[in-house]
Amino acid sequence: MSDCLFCKIRDGEMKASIVREDEDTIAFEDINAQAPTHVLVIPKKHIASIDEIEPVDAEVVGKLFLAAKEIARQRGHDEKGYRVVMNMGPDAGQAVYHIHLHLLGGRSLSWPPG
Ligand code: AMP
Ligand code: ZN
């Protein structure tokens with residue numbers, strides 16, 4: 001997707017503070033951090049939203065969680081906890097249509113969300 005912001009980050013056409021990368025995923029700092037740790041984990045494959053995830057994508061979607069877990073552990077959030085969330089569509093406030101897990105940690109997070 002040539003006009004996708006996160007594809008541009010993947011391709012190095014847009015700057016980002018990349019914290020982790022593997023064969024299938026990239027993680028980078030959210031530019032508008034909502035917690036001491038606010039990292040976005042994306043698949044390298046462009047998938048616009050949860051609604052467009054296909055069975056063939058199951059492995060890479062699982063890898064998003066594995067990457068988030070690893071970053072959370074590295075930052076010491078595994079003891080107190082952290083949140084991973086993926087928004088889908090306007091009611092959830094999805095702004096970028098390339099799926100991304102938000103990893104939020106380092107402070108107490110309220111529930112339910114607003
Ligand atoms: P969502 O509302 O779930 O689609 O989340 C989109 C997230 O992307 C927001 O938390 C934004 O702050 C973040 N974001 C937007 N542009 C960038 C960027 N260029 N680099 C890093 N994070 C970004
Ligand atoms: Zn994309």
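Start at 1 and go down the list; that is how both ligands and their atoms are numbered. Below, all heavy atoms of this structure are taken into account, side chains as well, without hydrogens, waters or symmetry copies.
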Could you say whether the N/O atoms of [X] and ligand 1 ever approach to under 3.5 Å?
X      : value
Asp30  : yes
Ala95  : yes
His100 : yes
Lys15  : no

Within ligand 1, which atoms have a heavy atom of [X] less than 4.0 Å away?
X     : value
Asn32 : 12 (O)
Phe28 : 21 (C)
Phe6  : 8 (O)

Check whether any heavy atom of [X] sits under 4.0 Å from an atom of ligand 1.
X     : answer
Glu29 : yes
Met14 : no
Gly93 : yes

**OP:** Could you tell me the angle subtended at the Zn ion (ligand 2) by SG of Cys4 and ND1 of His46, rounded to 10°?
**Re:**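 SG of Cys4, the Zn ion (ligand 2) and ND1 of His46 span an angle of about 110°.
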Subject >> His98 atom ND1 and Cys7 atom SG as seen from the Zn ion (ligand 2), angle to 10 degrees >> reply: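 Value returned, to the nearest 10°, is 110°.
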Original post:
For ligand 1, which part of Tyr97 has a heavy atom less than 4.0 Å away: the side chain, the backbone, both, or neither?
Top reply: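 Neither part.
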Original post:
Should the proximity of His102 to ligand 1, defined as any heavy atom under 4.0 Å, be assigned to the side chain, the backbone, both, or neither?
Top reply: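 It is the side chain that touches ligand 1; the backbone stays farther off.
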**OP:** Check whether the ring centres of Phe6 and Phe28 lie less than 6.0 Å apart, and answer yes or no.
**Re:**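 Centroid separation for Phe6 and Phe28: below 6.0 Å.
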**OP:** Would you please indicate yes or no on a ring centroid separation below 6.0 angstrom for His102 and His100?
**Re:**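 Yes, the ring centres sit under 6.0 Å apart.
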Sub-3.5 Å donor-acceptor pair from the side chain of [X] to the main-chain atoms of [Y], do we have one?
X     : Y      : result
Gln34 : Asn32  : yes
His77 : Leu103 : no
Arg73 : Asp78  : no
Glu52 : Glu54  : no
Asp11 : Lys8   : no

State the [atom1]-[atom2] distance between [X] and [Y], to the nearest 0.5 angstrom.
X      : Y     : atom1 : atom2 : answer
Leu104 : Tyr82 : CG    : OH    : 12.0 Å
Leu66  : Glu59 : CG    : CD    : 9.5 Å
Asp57  : Asp24 : CG    : CG    : 10.5 Å

**OP:** Using heavy-atom distances, let me know which of Val96, Ile31, Leu5, Val85 sits nearest atom 21 (C) of ligand 1.
**Re:**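 Looking at heavy atoms only, the winner is Ile31.
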